[in-house]
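Report on the following structure.
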2 protein chains.
Amino acid sequence: MTQARVITPLFEDFAKVEHHHQLACQSCALYRLCLPLGLHRDDLSKLDQIIKRSAGFKRHQILFEPASTFKTIFVVRSGSFKTTISAADGREQVTSFYFPGEFIGMDAIYQQRYLSTARALEASSICELPYERLQEFSATIPELQNQLMTRLSKEMSADKNLLLSLGKKTAQEKLISFLLSLSQRFSERGYSALSFQLTMSRGDIANHLGLAIETVSRLFTQLQEQQLLTTQGKEVTILDLPALKQRCG
Amino acid sequence: MTQARVITPLFEDFAKVEHHHQLACQSCALYRLCLPLGLHRDDLSKLDQIIKRSAGFKRHQILFEPASTFKTIFVVRSGSFKTTISAADGREQVTSFYFPGEFIGMDAIYQQRYLSTARALEASSICELPYERLQEFSATIPELQNQLMTRLSKEMSADKNLLLSLGKKTAQEKLISFLLSLSQRFSERGYSALSFQLTMSRGDIANHLGLAIETVSRLFTQLQEQQLLTTQGKEVTILDLPALKQRCG
DNA sequence: ACATTTTATTGACCTGGATCAATGCCGAAA
DNA sequence: TTTCGGCATTGATCCAGGTCAATAAAATGT
């Protein structure tokens, strides 16, 4: 709870955006993490004009589903999202979590329709990038094209690392790898690397890592007993980062 | 063995390439599956000039490793490859298999170095696409840029589907899904969808699917007992495709 | 503030697939 | 054609993590 207070200010920065939908990229708190990074001033203002800043999403609200046709890549502006992919019989796999500055929906470019379902994990807002316009712009702005390819490639790298986790790691290694990846991403966003709020449920984490909820719960208990971290509900505080890094495989 | 004879002709088409390294894309047997698809005649000949057709790779030969710096995207011309990603302690996960017309190394764009190791599964050959030149060309050939993004997105889709397999499917469902994906890809390449040679070992399959070799072996036996397919060593013949599709989850 | 629902924890027990251990098979080298 | 070394198959046993069941503790709505 003490930590929640530390985190609040920046979340509020992002949240303010909801009251200024047409806030320019240049003055966005996410600038250095987001698509426009490295673009020239005038290219940026062109880009600015095609970006639609969308109104807020409520917890559990759906951003897109496999049914919907692909037109847009989404960038998280505030809050967080998860994507899930479904088997024919309804079993779901949580494929990724997305935080401010991250792109959602890039797997839809091939096939021109979304492969997964994206849902808000909390009150969140996004920017919409119309993919066709983005493509047009890319022709004249090489740096934009480069950014898009890099983003695709980055998500692919993350997916391949998750494949390694799911295929070869023990339950404890999976959870530790996951927490370290969150820690890394939070710290890139200016939050503490050692203490953060999980915006997803235990169920989401378990599903994402191919584990049962009960196993995740027991692992948290176990990691606390080993003095590696502490939890209070959704808050995680890392006590021994080096030890965790050493145990993630 | 009878089937091997059916398959041979096309493999030979691809193999001939090794004796004509500078064969133009326009006359390549893979044209309709490959990057140049949809490019105009003159754009294509420009692209042709930057592509290096490489000499043959032997079975187990390494195409690239994580140490090597990224300069090139590879396209399989004949044969097949696997990529593996390693944990700190040496455990490896086979992340993908690649067949003619498929792109290897796209996860290296972000970070500008290869994340994985790529090895030939059999005698194989490739085309090298220098990434920087490709980027330059993309600026003037929108269709090329589109093709690249689509390829990235396609591999990402495949990875997400594998995540679903690894995270939520039973051993049998994993193997069936894998075989159906191979069947699909072989048929796209003009081979039989119902009878094909596995170019990878049981060990590679097991590793890829997060299973033990013994489990894969038992599953093949089991699927044969259920009259769903037959195997003779590396050759698989699907007997009941609808039943398999129904059992893959 | 209270009731209701959802989410998390903990314990007892079970099982799918891993591991260990032979044995069989096939292809390359001589 | 024989021998050798890596693959593949099959059986016996084991265990990490799943499932089932009961609380407990948060969220959420009224």
**Prompt:** Just by modelled atom types, is the A:A120 backbone N or O under 3.5 Å from a matching donor or acceptor in the A:K58 side chain?
**Reply:** no

Worksheet entry | Any donor-acceptor pair under 3.5 Å from B:S183 side chain to B:A193 backbone | yes

For atom [atom1] of [X] and atom [atom2] of [N], their distance in whole Å:
{"X": "B:E214", "N": "D:dT13", "atom1": "CD", "atom2": "C1'", "answer": "13 Å"}
{"X": "A:Q222", "N": "C:dG11", "atom1": "CD", "atom2": "P", "answer": "13 Å"}
{"X": "A:F220", "N": "D:dA25", "atom1": "CZ", "atom2": "C1'", "answer": "16 Å"}
{"X": "A:Q197", "N": "C:dA8", "atom1": "CD", "atom2": "C1'", "answer": "16 Å"}
{"X": "A:Q232", "N": "D:dA26", "atom1": "CD", "atom2": "P", "answer": "10 Å"}
{"X": "A:H60", "N": "C:dT5", "atom1": "NE2", "atom2": "P", "answer": "17 Å"}
{"X": "B:D204", "N": "D:dG6", "atom1": "CG", "atom2": "P", "answer": "16 Å"}
{"X": "B:L211", "N": "D:dA8", "atom1": "CG", "atom2": "P", "answer": "15 Å"}

Whether B:F74 and B:F64 hold their rings parallel, tilted or perpendicular, with breakpoints at 30° and 60°:
parallel

Among [options], the nucleotide that comes nearest once only the side chain of [X] is considered:
{"X": "B:R202", "options": "D:dG18, C:dA8, D:dT9", "answer": "D:dT9"}
{"X": "A:A212", "options": "D:dT28, D:dG18, D:dT9", "answer": "D:dG18"}
{"X": "B:S201", "options": "D:dC7, D:dT28, C:dT10", "answer": "D:dC7"}
{"X": "A:I213", "options": "C:dT9, D:dG18, D:dA8", "answer": "C:dT9"}

Should B:E102 and B:R185 count as an ion pair when the cut-off is N to O under 4.0 Å? yes

Checklist line | Salt bridge A:E173-B:R91, side-chain N to carboxylate O under 4.0 Å | finding: yes

Which part of the nucleic acid, if any, lies within reach of B:G203 when heavy atoms closer than 4.0 Å are counted: base, sugar-phosphate only, or nothing? sugar-phosphate

ask   = Does B:T221 place a side-chain N or O at less than 4.0 Å from the phosphate oxygens OP1/OP2 of D:dT10?
value = yes

Do B:F99 and B:L182 make a side-chain contact, defined as non-hydrogen atoms from C-beta onward lying under 4.5 Å apart?
yes

Note: contacts of residues 162-176 of chain B with DNA chain C (heavy atom, under 4.0 Å) are B:T170, B:A171

Check your understanding: Do B:R77 and B:F57 meet the cation-pi criteria used here (NZ or CZ under 6.0 Å from the six-membered ring centre, within 45° of the axis)?
Key -> no

Assign each of B:T215 and A:R218 the nucleotide of DNA chain D bearing its closest heavy atom; nearer the 5' end lies the nucleotide of B:T215

